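First the structure, in the form of structure tokens, and then the observations on it.
If you're wondering where the values come from, they're calculated on a predicted model, not measured in any experiment. Naming convention: chains lettered A, B, ... in sequence-line order (proteins, then strands); numbering from 1 in each chain.
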Amino acid sequence: MAYNHLAVEKKWREIWLKNKEYKTDVYDFSKPKYYVLDMFPFPSGQGLHVGHPEGYTATDIIARMKRMQGFNVLHPIGWDSFGLPAEQYAMKMNKHPYEFTIKNINNFRRQLQLLGFSYDYDREVTTCEPSYYKWTQKIFSMMYQDNLAYVDYKPVNFCPELGTVLANEEVIDGKSERGGYPVIRKPMKQWNLRITAYADRLASDLDELDWPNSTIEMQINWIGKSYGTEIVFDVKGTTDSFKVYTTRADTLFGATFVTLAPEHPLVKKITTKEEKDKVEAYIKECESKSDLERTGTNKEKTGIFTGAYAINPINNKEIPIYIGDYVLASYGSGAVMACPAHDERDYVFAKKYGIDIIPVLEGDISKEAFTGDAKHINSDFINGMMIDEAKKTITNKLIELGKGNFKVNYKLRDWLFSRQRYWGEPIPIIFYKDGTVGVEDDLPLVLPELDEYKPSGTGESPLVHAISWLHVNKNGKEGVRETNTMPQWAGSCWYYIRYIDPHNDKEIADKKLLDHWLPVDLYVGGQEHAVLHLLYARFWHKYLYDKGVVSCKEPFKKLFHQGMILGSNGEKMSKSRGNVINPDDIVEKYGADTLRLYEMFMGPLEDSLPWNDGGCEGSRKFIDRVYRLYTESEYVTRFSDENLHELDYVYNYTVKKVTKDFESLQFNTAISQMMIFINEVYKAKSIYKPYMENFIKMFDCICPFVGEEIWHILGHDDMITYTSWPTYDESKLTKNTIKLAVQVNGKLRDTIEVNVDEDENSVKEKALGSEKVTKFIEGKEIVKVIYVKGRIVNIVIKG
RNA sequence: GGCCUAAUGGCGAAAUUGGUAGACGCGUUGGACUCAAAAUCCAAUGGUAGCGAUACUGUGUCGGUUCGAGUCCGACUUGGGCCACCA
């Protein structure tokens, strides 16, 4: 009987949905909880691609296993539907973002259900619905009142093509992360979130997370914590002074100039009359440069002398003050001291402008700066010290002189949080005519309807055209609303919290529930969010922790990044390459179970792997093979309620391996073990029925449709999801005799059979007595015989 | 340039974490069944030599540690990812 995937999958899909089979009673605290989460999708117009089901299948397998293991499982899904991508897409299709989004969501849901994911669909959250973004706005308001959201006027990343500003995290190589359009620096009045206030905790709390190393590294690098010294330099002949930040205070005796950022507030004041014209021209030139030009690879260092001199506080030497655009106004104090002998950039700069290079460490500086560790020279009281000691000693001396201090700095900048776009959460702020600023307390502040959604391109949000929405009168006070909207990332900062209590209109979520369900036990999604979503969400979570909303410090205990599914040629799937596989087609042709099985069997979940039609067909073959075993009389008649022990070893080993491999998301090896089991069953004369019942439970996690079908063919009326996970008998895994490899000088020569706890001498005797081995050791001196229990015998010979 | 990560048959990969390299699957070849095909089943399948048992060789390259290295150490090559003037 051939397996009819279309009929079977349709049948169970309808039954599961009708019965709300996978609904979670979050108030049931009687069982241990397990919260397994996918990064929710942005519902594009193209629908799911085959990449989506990879991560989703992984979490679905875990959800199904955990249910069988007796956990109360929370496995939700939702829609990341606000933000730039959704808006761009809608505009491209000339559709209203809302209608367009809802249509796409319906299509996505249909596809997810087609694939048999055991989500609780009553728990969906949609970030662009007022019932959801009411609380996104609420959290923003709370942050505003706690001085974590503020307006600042400063140069920001502005993308003319997208018509909006972007966060640092959204700018890559001077281009927009989305679309790859040029980004320029432009001073604008914008909202920021004070993520820097959490920099230290965001870095240090990474320790307690079960996350991929590479992602932790990326966050650490992005936060960029460094320990250094702040040093005060007086400007010669004035009462002015400025601070520099350095991680190499030990090189202070070798400082031969200082450089200020062109934007440094002191520049105009200290520049001498003689240099004024040149300096002003240079500053103008810097301003006109794009971000890419200022930060591009191997860019030549430029700068200009201000005519002023600074006093080195450690030896009162006068050194020239330069300005240079390689000094960033936004990092440290926007000023650096330069010791060209021991810093590559300073070395290049000094050579170019003919500035003294004084070595203060023993090392060759004839061709380039010496940046390694060595004893100090030419440095008075730190002579002879290595870097670490010298830094401490000199900083302590500066403290004594009142000219410096130890200082910690971060690369992380505050999060630029406003966008000049239509399709986002309105920022619930009112600017009153009397100059005061107020928070809109009547939330949600609903996004108004507009005739024109497109950004003006001048840096103004489209919401300025919503006249009646824009102007407010609160208790007689007139004002205008903030017209910028929140960025794409806002809604995803806390959606995992809302899943726990999605219909609560009184609060973010019931505290009792949050305490029970958080943190998320397993979070699966792409690595592209390593420093965007995953950093922002941790920031909001920590804020909500401080406010007592949540009770755990970190939102996502274990994180896993699935790899990408590539085209059959090993390239990224894309329309232009014509190598896109549509999951709907696979489901139609082979069934959802096949797609799930194949994607899990392809290789390690974290790897990027090429699609292969043959491999997909092979997975379907395995499903047929399993199905036939349970349905064809040739095999079913061998099923027995009595265990004749034929399959004891392979069964118990399979349960053990599958359990362990599922737990660590190594589905490819779990599946290969299931294949081995099925191959053995085909060969067996007597098949112990309970083994087959338990096997199908494990198999069901990957292929839930055929799993459910077979479960019912076996005569059960209940649903397989809420049965119990198989256990294994360790005693069945120990064999009496084992095959042992025998090597001579490390080369395999024979295998012998020995008892598991056979005496060492007896094993060695057997090994030496082997005919094949004798050939190689005859007439040679045996230096020693190494025996590793249960592993190997190695005979070492000489001559 | 810095950091991270990988490299194993014709292909996707596995390897008890230093102990029989290539499990499992795909593909290929041969065979069975069939009038024939599909499906299914059986067998072979890293390379070289040999009818064969078998021998030699083999995990990107070079070197090292070890009784023993795909696995550990050092240098390099190539691919992927992230950051990129952060003082």
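- Spacing of P atoms, B:C73 relative to B:G18, comes out at 11 Å, to the nearest Å.
- Comparing B:A23 with B:U16, their C1' atoms are spaced 12 Å from each other, to the whole Å.
- Rounded to the nearest Å, the gap between the P atom of B:C33 and that of B:U28 is 22 Å.
- Annotation: A:F667 is not in aromatic contact with A:F601 [ring centroid separation under 6.0 Å not met].
- With hydrogens and angles ignored, the 3.5 Å screen pairs a side-chain donor or acceptor of A:N745 with a backbone N or O of A:I797.
- Distance check on atom C1': B:C11 versus B:G63 gives 32 Å, rounded to whole Å.
- Using a 4.0 Å heavy-atom distance criterion, A:I676 is classed as a sugar-phosphate-only contact.
- Ring pair A:Y536/A:W415 is parallel by interplanar angle, where below 30° counts as parallel and above 60° as perpendicular.
- Heavy atoms of A:G224 sit nowhere under 4.0 angstrom from any nucleic acid atom.
- A:V336 comes within 4.0 angstrom of a base, heavy atoms only.
- Heavy atoms of A:D346 sit nowhere under 4.0 angstrom from any nucleic acid atom.
- Partners of A:E771 under the side chain to side chain contact (heavy atoms under 4.5 Å, CB included) rule, at least two apart in sequence or in another chain, do not exist in this structure.
- Looking at residues two or more places apart in sequence or on another chain, you find a side chain to side chain donor-acceptor pair (under 3.5 Å) between A:E663 and A:K66.
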Interface polar pairs with nucleotides 70-75 of chain B, N/O, under 3.5 angstrom:
none

Would you tabulate the nitrogen or oxygen pairs shorter than 3.5 Å linking the protein to nucleotides 29-31 of chain B?
none

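- Consecutive Watson-Crick or G-U pairing (both distances under 3.5 Å) extending over three or more pairs maps onto RNA chain B as B:1-7 with B:77-83, B:10-12 with B:24-26, B:27-32 with B:40-45, B:46-49 with B:54-57, B:60-64 with B:72-76.
- Taking only side-chain nitrogens and oxygens, A:Y326 never comes nearer than 4.0 Å to OP1 or OP2 of B:A87.
- The shortest distance between side-chain heavy atoms of A:R538 and A:L209 falls below 4.5 Å.
- The distance between atom CG of A:N213 and atom P of B:C3, rounded to the nearest whole Å, is 16 Å.
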**Item:** Contact pattern, 5' to 3', of nucleotides 50-57 of chain B - B, S or - by protein heavy atom under 4.0 Å
**Value:** ----SSSS
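- The CD1-C1' distance, from A:I220 to B:G2, rounds to 15 Å in whole Å.
- For the side chain to side chain contact (heavy atoms under 4.5 Å, CB included) with A:V650, the lone residue among A:I676, A:V681, A:N679 that qualifies is A:I676.
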Pairwise N/O distances under 3.5 Å, protein to nucleotides 12-18 of chain B:
{"from": "B:G12", "atom 1": "O2'", "to": "A:M602", "atom 2": "O", "distance (Å)": "2.5"}
{"from": "B:A14", "atom 1": "OP1", "to": "A:N668", "atom 2": "ND2", "distance (Å)": "2.9"}

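- No hydrogens or angles considered: nothing links the side chains of A:S226 and A:N409 as a donor-acceptor pair under 3.5 Å.
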Nucleotide N/O of nucleotides 37-47 of chain B paired with protein N/O under 3.5 Å:
{"from": "B:C41", "atom 1": "OP1", "to": "A:R625", "atom 2": "NH1", "distance (Å)": "2.6"}

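- Within the 4.0 angstrom heavy-atom criterion, no nucleotide atom of any strand lies near A:S330.
- A:I678 pairs by the side chain to side chain contact (heavy atoms under 4.5 Å, CB included) definition with A:F622, A:R625, A:V626, A:L629, A:Y682, A:F695, not counting sequence neighbours.
- A cation-pi geometry, defined here as NZ or CZ lying under 6.0 Å from the six-membered ring centre and within 45° of its normal, does not hold between A:K411 and A:Y331.
- Annotation: side chain to side chain contact (heavy atoms under 4.5 Å, CB included) contacts of A:R749 (sequence neighbours excluded): A:V744, A:K747, A:V773, A:F776.
- A donor-acceptor pair under 3.5 Å is formed between the side chain of A:Y598 and the backbone N or O of A:N612.
- Ring centroid separation for the pair A:F257 and A:Y353 does not come in under the 6.0 Å cut-off.
- Taking the C1' atoms as reference points, B:U71 lies 15 Å from B:U20, given to the whole Å.
- Rounded to whole Å, the P atom of B:G50 lies 28 Å from the corresponding atom of B:A43.
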Name each donor-acceptor pair under 3.5 Å that joins a side chain in residues 604-611 of chain A to protein atoms two or more places apart or in another chain, with its distance.
{"from": "A:S608", "atom 1": "OG", "to": "A:M564", "atom 2": "N", "distance (Å)": "3.1"}
{"from": "A:W611", "atom 1": "NE1", "to": "A:D613", "atom 2": "OD1", "distance (Å)": "3.0"}

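- Two rings, from A:Y728 and A:Y653, have their centers 6.0 Å or more apart.
- Distance from the side chain of A:W222 is smallest to B:A84 among B:A84, B:U20, B:G25.
- Checked against side chain to side chain contact (heavy atoms under 4.5 Å, CB included), A:K621 has no partners two or more places apart in sequence or in another chain.
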